[in-house]
Amino acid sequence: MTKLSVNINKIATLRNSRGGIIPDVVKAAVDVQLFGADGVTVHPRPDERHITRKDVHNIRPVIKTEFNIEGYPSREFIDLVKSVRPHQVTLVPDPPEAITSSSGWDTIAHFSFLQEVISEFKESGIRTSIFIDPVEEMISKAVETDTDRVELYTEPYATGYAKDREKAVAPFVAAANLANKLGMKVNAGHDLNLENLAYFNECIPFLKEVSIGHALIADALYLGLERTVASYKALLKKN
Ligand SMILES: CC(=O)[C@@H](O)[C@H](O)COP(=O)(O)O
Ligand SMILES: NCC(=O)COP(=O)(O)O
């Protein structure tokens, strides 16, 4: 069964909007695991617009499933990740001013940088994943960085889903097959939601994990966090 890692960035967005401690991000991390999540994902951005470095340290001790930390591998990010030793680190190419993640790595142009950073994390015993577009050349080069996994950037799938889901999912099926053939495990994430998740999970071979945040937290405003996590998990049961 594909694992669900709940990204709790947007819990921190709400908390930061008034500068207090409500909602409690650590409690959210505990609860999503109690409600069935297979992991917790956070993305501590340089401006700390949502998840702060302090949050990362506070969440680590309550992880009973898996902890996945996403971010651009600046020196500060690398040192933060190595200090808390999550189960997985997911490298994204986001510049500091990015509104959100909007592409995968150019693994050809940034090959040496990625190879160096991945080696440093693996030496610390941390599983590595790199955010990637479903482009054959990028995936073929990714394997040479020695990354454990790739995370397919699924915004183009989500955008194209309503118009033509078969066309939207096709590049991701090919990408997952290629990554598997090259020996890399396959994660996916960005803009997945209750509407588009089941079809993606049904079509994508070898899918290990999805990380979902924005839509899931928005759904929880209506359904409640427990029912929402259970609803996403139910969509990931392979039929
Ligand atoms: C890598 C990815 O797709 C998500 O982690 C996304 O970057 C979420 O970041 P925000 O919550 O800041 O939009
Ligand atoms: N890696 C994707 C992630 O963690 C959450 O992305 P989104 O669901 O907030 O778009």
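Each ligand, and each atom within it, is numbered from 1 in the order the structure gives.
- Looking at His214, Arg45, Lys10, it is Arg45 that brings a heavy atom closest to atom 9 (O) of ligand 1.
- Connection of Ile21 to Ile217 is not established within any shared hydrophobic cluster, with ILVMFWY side chains joined at heavy-atom distances below 4.5 Å, either directly or through further cluster members.
- Under 4.0 Å from ligand 1, the heavy atoms of Asn7 that appear belong solely to its side chain.
- For a threshold of 3.5 Å applied to N or O pairs, the pair formed by Glu151 and ligand 1 contains no separation below that value.
- The minimum heavy-atom distance between Ser102 and Asp94, with the atom names listed, is N-OD1, 4.4 Å.
- Close approach to His43 involves these atoms of ligand 1, each under 4.0 Å from a residue heavy atom: 5 (O), 7 (O), 9 (O).
- Heavy-atom neighbours of His214 NE2 from other residues, nucleotides or ligands within 6.0 Å: at or below the threshold of 12.
- Here is the list of ligand 2 atoms found below 4.0 Å of a heavy atom in Glu70: 1 (N), 2 (C), 3 (C), 4 (O).
- Selection from Ala12, Ala188, Ser101 by nearest heavy atom to atom 2 (C) of ligand 1 gives Ser101.
- For the residue pair Lys82 and Ile126, the shortest heavy atom distance occurs at CA-CD1, 4.3 Å.
- Residue Glu70 has at least one heavy-atom neighbour below 4.0 Å for each of these atoms of ligand 1: 1 (C), 2 (C), 4 (C), 5 (O).
- Polar contact with ligand 2: absent for Lys10 (N/O pair, distance under 3.5 Å).
- Using cut-offs of 30° and 60° for the angle between ring planes, the Phe200 and Tyr157 rings count as tilted.
- The shortest heavy-atom contact between Arg53 and Leu80 is CG-CD2, 3.8 Å.
- The protein atom (non-hydrogen) at minimum distance from atom 8 (C) of ligand 1 is Asn9 ND2, 3.7 Å.
- Taking every non-hydrogen atom of Thr41 and a distance limit under 4.0 Å, the qualifying atoms of ligand 2 come out as 4 (O).
- A donor-acceptor pair under 3.5 Å is formed between the side chain of Thr128 and the backbone N or O of Asp148.
- Shortest non-hydrogen contact noted between His190 and Ser101 is CE1-O, 3.3 Å.
- Distance from atom 4 (O) of ligand 2 to its nearest protein heavy atom, with residue and atom name: Asn7 ND2, 2.8 Å.
- Close approach of ligand 1 to Val92 is summarised as follows: ligand atoms under 4.0 Å from at least one heavy atom of the residue are 1 (C).
- Those atoms of ligand 2 with a heavy atom of Asp191 less than 4.0 angstrom away are 7 (P), 8 (O), 10 (O).
- When each atom of ligand 2 is checked for a heavy atom of Gly213 under 4.0 Å away, the hits are 5 (C), 7 (P), 8 (O), 9 (O).
- Of all atoms in ligand 2, numbered sequentially from 1 with element shown, those under 4.0 Å from a heavy atom of Glu151 are 1 (N), 2 (C).
- Proximity of Ile212 to ligand 2 is established by a heavy-atom distance of less than 4.0 Å.
- For atom 6 (O) of ligand 2, the closest non-hydrogen atom of the protein is His190 CA, 3.7 Å.
- Protein heavy atom nearest atom 13 (O) of ligand 1, with residue, atom name and distance: Thr100 OG1, 2.6 Å.
- Residue contacts with ligand 1 for Phe131 involve side-chain atoms from C-beta outward but no N, CA, C or O (heavy atoms, distance under 4.0 Å).
- Heavy-atom proximity to atom 5 (C) of ligand 2, evaluated over Gly189, Ala158, Ser211, is greatest for Ser211.
- Residue contacts with ligand 1: His50 is included, with a non-hydrogen atom under 4.0 Å away.
- Atom 3 (O) of ligand 1 has His190 ND1, 2.5 Å as its closest protein atom, hydrogens excluded (heavy atom only).
- Between Asp219 and Arg227 there is no salt bridge, since no side-chain N of the basic residue sits under 4.0 Å from a carboxylate O of the acidic one.
- Atom numbering of ligand 2 starts at 1 in the shown order; those under 4.0 Å from a heavy atom of His214 are 7 (P), 8 (O), 9 (O).
- Counting heavy atoms of neighbouring residues, nucleotides and ligands inside a 6.0 Å radius, atom CZ of Arg18 does not exceed 12 of them.
- By the 3.5 Å distance cut-off applied to N or O atoms, Phe131 is not counted among the residues near ligand 2.
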task: Apply side chain to side chain contact (heavy atoms under 4.5 Å, CB included) to the pair Leu91 and Phe131, showing each step before the final yes or no.
output: CA-CA 6 Å; Leu91 307 182; Phe131 210 48; over 6 Å; no
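- The two atoms that bring Ala37 and Thr65 nearest to each other are O-CG2, 3.6 Å, heavy atoms only.
- Below 30°, between 30° and 60°, or above 60°: for Phe77 and Phe121 the angle between ring planes is above 60°, a perpendicular geometry.
- When the side chains of ILVMFWY residues are joined at heavy-atom separations under 4.5 Å, either directly or via intervening members, Val229 and Leu14 end up in two distinct hydrophobic clusters.
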